[in-house]
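Working notes, beginning with the structure itself.
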There are 2 protein chains.
Amino acid sequence: MRIGELAARAGTTTRTLRYYESRGLLPARRDAQGHRTYDEGDLRLLAQIRTLRDFGFDLEETRPFVECLRAGHPEGDSCPASLVVYRHKLAELDALIGQLSAVRETVAGQLARAERARDELAAEALVPGGPEPVCELGGRQ
Amino acid sequence: MRIGELAARAGTTTRTLRYYESRGLLPARRDAQGHRTYDEGDLRLLAQIRTLRDFGFDLEETRPFVECLRAGHPEGDSCPASLVVYRHKLAELDALIGQLSAVRETVAGQLARAERARDELAAEALVPGGPEPVCELGGRQ
DNA sequence: TCTTGCGTTGACGCCGACGTCAACCCGTAC
DNA sequence: GTACGGGTTGACGTCGGCGTCAACGCAAGA
């Protein structure tokens with residue numbers, strides 16, 4: 001099959017396939033017209049790449065999986081190099097999730113504090129004989 | 001103070017300050033020589049920006065906080081627009097953490113499955129009279 | 001006087017994974 | 001003949017947040 005058909009069947013674009021080829025990830029044969037030609041095996045390689053990319057793997061990180069498939073293994077993760085990438089990605093995800101969770105708690109705390117401060121100002125403003133508004137931009141619009 | 005001193009006191013670079021000014025985030029006065037001049041208030045604005053950036057806020061998202069401080073409020077998050085940014089960022093973080101956690105579990109599952117498959121192959125290879133190795137690249141190096 | 005150290009503006013580089021053009025070729029259907 | 005729907009290569013654009021020159025000005029100290 002040619003590049004347009006492979007792209008359509010894989011749910012991606014011809015530009016992406018040409019890019020993968022330029023990176024040496026998915027080389028193509030050529031027919032008499034110089035057009036790129038692919039087979040069903042290439043579709044499997046491409047599906048592997050797209051799946052990993054959807055999971056957030058860098059393009060380079062998909063390389064061991066692709067080479068593993070091309071070496072004849074039934075799955076892209078049947079090779080040790082792929083497992084190394086899995087473990088590395090897991091560690092990366094754990095670190096990232098940890099950082100993001102810490103940031104999330106900090107932001108939540110800041111939001112709660114800021115809302116409390118705003119409500120206290122609003123309550124003071126309702127007290128008869130309470131303090132006058134200090135600023136016309138006082139966050140109580 | 002001039003740009004070099006402000007950058008040093010804020011722990012950032014002059015390039016960053018010029019970039020913030022180009023974005024309209026931290027405009028500077030000019031002295032007789034055409035040099036940028038800043039005061040302590042600008043240092044506070046800059047500190048607010050850097051803190052939020054360290055938490056992963058986009059530069060544009062810091063704008064309400066900066067404008068709030070410049071309007072004379074005691075804190076950058078004393079204004080409703082800042083709270084909106086807080087809430088938006090919280091939702092963003094929650095969504096991201098959720099996605100990453102789902103990916104993490106998927107990857108962990110794939111890793112476990114692949115390791116199990118590898119171990120089963122290794123066990124078969126140890127059985128006396130077991131199957132011959134199928135491939136010299138068989139993931140058991 | 002000359003160097004040093006600070007400042008200025010403008011412009012290009014970077015990172016990844018492509019999108020989007022331009023200019024061309026080629027086979028087929030009308 | 002010609003329009004159309006594929007394909008080709010090459011090159012520049014995108015996104016954010018700066019880094020890193022280049023070429024210049026301007027004041028103070030040796």
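Residue numbers start from 1 in every chain, and the chains themselves are labelled A, B, ... in the order their sequence lines are given, proteins ahead of strands.
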Return the set of residues passing salt bridge (Lys or Arg N to Asp or Glu O under 4.0 Å) with [X] (not counting sequence neighbours), or none when no residue passes.
X       : result
B/Arg18 : none
B/Asp94 : A/Arg104
B/Glu61 : B/Lys89

Does D/dG17 have OP1 or OP2 under 4.0 Å away from a side-chain N or O of B/Tyr20?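 Indeed not, no polar side-chain atom of B/Tyr20 lies that close.
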Between B/Arg18 and C/dT8, does any side-chain N or O lie under 4.0 Å from OP1 or OP2? yes
Name the residue closer to the 5' end of DNA chain C, choosing between A/Asp58 and B/Gly34 according to the nucleotide with the nearest heavy atom.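 Its nearest nucleotide lies further toward 5', so the answer is B/Gly34.
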How bent is the helix from C/dT1-D/dA30 to C/dC30-D/dG1, comparing axes over its five end pairs at each side, to the nearest 10°?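 Axis-to-axis angle, ends of the helix: 50°.
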B/Phe55: partners by ring pair (Phe, Tyr, Trp, His ring centres under 6.0 Å), with sequence neighbours left out: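 Applying ring pair (Phe, Tyr, Trp, His ring centres under 6.0 Å) to B/Phe55 gives none.
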Tell me if a side-chain donor or acceptor on [X] pairs with a main-chain N or O of [Y] at a distance below 3.5 Å.
X        : Y        : answer
B/Thr14  : B/Gly4   : no
B/Ser82  : B/Gly76  : yes
A/Thr106 : A/Ala102 : yes

Using a strict cut-off of less than 4.0 Å between a Lys/Arg side-chain nitrogen and an Asp/Glu carboxylate oxygen, indicate whether B/Arg118 and A/Glu75 qualify as a salt bridge.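 No, B/Arg118 and A/Glu75 are not salt-bridged.
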NZ/NE/NH1/NH2 to OD/OE distance under 4.0 Å, A/Arg9 and A/Glu40: yes
Which residue pairs satisfy the disulfide bond (SG atoms under 2.5 Å apart) criterion with at least one member in residues 17-71 of chain A, sequence neighbours excluded?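 Passing the test, one end in residues 17-71 of chain A: A/Cys68-A/Cys79.
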Rounded to whole angstroms, how far apart are [atom1] on [X] and [atom2] on [N]?
X       : N      : atom1 : atom2 : answer
B/Arg30 : C/dC6  : CZ    : P     : 19 Å
B/Asp31 : D/dG25 : CG    : C1'   : 13 Å
B/Tyr19 : D/dT20 : OH    : C1'   : 16 Å
B/Leu25 : D/dG17 : CG    : C1'   : 12 Å
B/Leu17 : C/dC6  : CG    : P     : 15 Å
B/Glu21 : C/dG7  : CD    : C1'   : 13 Å
A/Arg23 : C/dC15 : CZ    : C1'   : 12 Å
A/Phe57 : C/dG16 : CZ    : C1'   : 17 Å

Does anything in residues 76-86 of chain B pair up under salt bridge (charged side-chain N to carboxylate O under 4.0 Å, His left out), and if so which pairs, sequence neighbours excluded?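 For residues 76-86 of chain B, and leaving out neighbouring residues, the salt bridge (charged side-chain N to carboxylate O under 4.0 Å, His left out) pairs sorted by first residue read A/Arg113-B/Asp77.
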What pairs of residues pass the side chain to side chain donor-acceptor pair (under 3.5 Å) test when at least one of them lies in residues 48-59 of chain B, not counting sequence neighbours? B/Tyr20-B/Arg50
The test is side-chain contact (heavy atoms from CB on, under 4.5 Å); show your working for A/Glu21 and A/Arg36 and say whether it passes. CA-CA 10 Å; A/Glu21 181 173 1; A/Arg36 291 173 176 82; 2.4 Å; yes
Show which side-chain atoms of residues 23-30 of chain A pair as donor or acceptor with protein atoms under 3.5 Å away, not counting sequence neighbours.
residue: A/Arg29; atom: NH2; partner: A/Asp42; partner atom: OD2; Å: 2.5
residue: A/Arg30; atom: NH1; partner: A/Gly34; partner atom: O; Å: 2.9

Please determine, for the side chain of A/Thr16, which listed nucleotide (D/dT9, D/dC18, C/dG19) has the closest atom? C/dG19
5' to 3', nucleotides 23-29 of chain C under a 4.0 Å protein heavy-atom cut-off (B base, S sugar-phosphate only, - none) gives -------
Of B/Thr13 and A/Arg15, the one whose nearest nucleotide on DNA chain D sits closer to the 5' end is A/Arg15
Return the residues of residues 59-67 of chain A meeting this criterion: a heavy atom under 4.0 Å from some atom of DNA chain D. Order them by number, or give none. none
Stretch residues 36-56 of chain B: residues that reach within less than 4.0 Å of DNA chain D through a heavy atom: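 Those residues whose heavy atoms fall under 4.0 Å from DNA chain D, taken from residues 36-56 of chain B in numerical order, are B/Arg50, B/Arg53.
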